[in-house]
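Everything on this sheet refers to the single structure shown next.
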Amino acid sequence: MVTPYLTIDLEKIEHNSRTIVSLCRESGVAVYAVTKAVCGHPQVAKAMLRGGAVGIADSRFENIRRMQRAGIDADYLLLRIPPLSAVDEVVCLAGRSLNSERAVLTALSAAAARVGRIHEVILMVDLGDLREGVWPDELIPLTKAVQKLSALRLVGIGCNLACFAGVEPSRENMNRLVTLAAEVEHTCGITLETVSAINSSGLNLLVQGEMPQRINQARIGEGILLGRETIQRKPWPNTHQDAFLLHAEIIELKRKPSLPIGRRGEDAFGGRPKFSDAGERLRALLNVGREDVDISGITPLDPLLQLVGASSGYLVVDVTDSTRPHQVGDTLSFALNYSALLAVMTSEYVKKVPLVKSSEGMV
Ligand SMILES: *Cc1c(COP(=O)(O)O)cnc(C)c1O
């Protein structure tokens, strides 16, 4: 097969989805599968749905469109706060969206009315992670504004933690959200169906039984795709961490000194990499680079390989200590973290190869 390529083990993703969905279900929490890290790859989305996710959540129109064109008939939730310039697209593509801005909500309602639809909204509250969401004291005024917008239906409130500042979901901030939901209901005379509180960073709290009952929706990406919670990035029990593997080819293999020769300035990316002298080493040049992947997020499956560095199109790997013999034309494989997965999925230079049958056992 022409390299580089990414294998996607669909059975492992389905299995991970089933594991996460079942444990959420035990706490009365429904899971939206978040597909943004895989650019809305249709087969991945289908595997997540087979595992029991109630719908698909993504931050990008292109991704949602890709899944819809592939015939995936699911409930779509737009994750990123909609831009004012694209409200017509939003109401056509997704049945519901996360929101925090009054002007956008007004425009969404007008757009929904134009096409004779009702658009469902979840209002986001910022509980300290300082990304999206209204400050808690603005929630009731915003709810009242939404109540006046005839083509919108307020289905609930939500929050997002950990993604931006790393703030952990806690019993305190989760209770805060639940209290806010009750205040909104009481003050505005409505019932909120949904309290959409967590992403993969909330899995620990959930299994510790610390999640307030009222919380009934999770939006999970990494936990399913890579089998990890996202506070300490520990592997989640009964999930696979290697559903995605990057494979690149050795295109040059030579013994070279470990110290560069000559006066040194900046490298191609403006950095000044440091080298230490370990004598002559056997170095493999691979045909994948920073244009394809976040190099700091890849781990060779052979633990005896060392990543030396990368430019836009080359990855340099020290293979001296490997117990396996290597030659030009061999393929080396790498596990990925979230940031590396996102980049690889977005790179048009890396072929995506979904596998229908599982390759190996569970980690
Ligand atoms: C990306 C995203 C998620 C999913 O986060 P994971 O850590 O991958 O589970 C959930 N909610 C929102 C709003 C997001 O942007």
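Numbering of residues begins at 1 and proceeds along the displayed sequence. Ligands are counted one by one from 1 in listed order, and the atoms in each one are counted from 1 as well. What's counted below: heavy atoms across the whole structure, side chains too, no hydrogens, waters or symmetry copies.
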* Honestly, is Arg96 close enough over Tyr76, meaning NZ or CZ under 6.0 Å from the six-membered ring centre and within 45° of the axis? -> no

* Structure fact -> side chain to side chain contact (heavy atoms under 4.5 Å, CB included) with His326: of Leu282, Leu332, Val317, only one passes, and it is Leu332

* Asked: Do the charged groups of Arg153 and Glu120 touch, with an N to O distance under 4.0 Å?
  -> yes

* When you look at Arg65 and Asp58, which way does the salt bridge (charged side-chain N to carboxylate O under 4.0 Å, His left out) test go after all the steps? -> CA-CA 10 Å; Arg65 215 171 275 132; Asp58 204 299; over 6 Å; no

* Asked: Between Arg80 and ligand 1, which part of the residue brings a heavy atom under 4.0 Å of the ligand: side chain, backbone, both or neither?
  -> neither

* **Asn160/Asn199 under side chain to side chain donor-acceptor pair (under 3.5 Å): CA gap, chis, key distance, verdict** => CA-CA 7 Å; Asn160 193 63; Asn199 52 36; 3.0 Å; yes

* Has Arg131 got any heavy atom lying under 4.0 angstrom from an atom of ligand 1? -> yes

* Going by distance only, is there an N or O of Ser200 that falls short of 3.5 Å from an N or O of ligand 1? -> yes

Tell me, which protein residue and heavy-atom name are nearest [atom], and how many Å apart are they?
{"atom": "atom 5 (O) of ligand 1", "value": "Asn199 CB, 3.4 Å"}
{"atom": "atom 12 (C) of ligand 1", "value": "Asn160 OD1, 3.4 Å"}
{"atom": "atom 11 (N) of ligand 1", "value": "Arg219 NE, 2.8 Å"}
{"atom": "atom 15 (O) of ligand 1", "value": "Lys36 NZ, 2.7 Å"}

Atoms in ligand 1 with a heavy atom of [X] nearer than 4.0 Å:
{"X": "Ile220", "answer": "9 (O)"}
{"X": "Glu132", "answer": "13 (C)"}
{"X": "Glu222", "answer": "6 (P), 8 (O), 9 (O)"}

* Residues Glu252, Lys256; criterion salt bridge (charged side-chain N to carboxylate O under 4.0 Å, His left out); working and verdict -> CA-CA 12 Å; Glu252 180 186 300; Lys256 294 190 184 179; 3.0 Å; yes

* Asked: Would you say the side-chain atoms of Thr3 and Glu249 include a donor-acceptor pair closer than 3.5 Å?
  -> yes

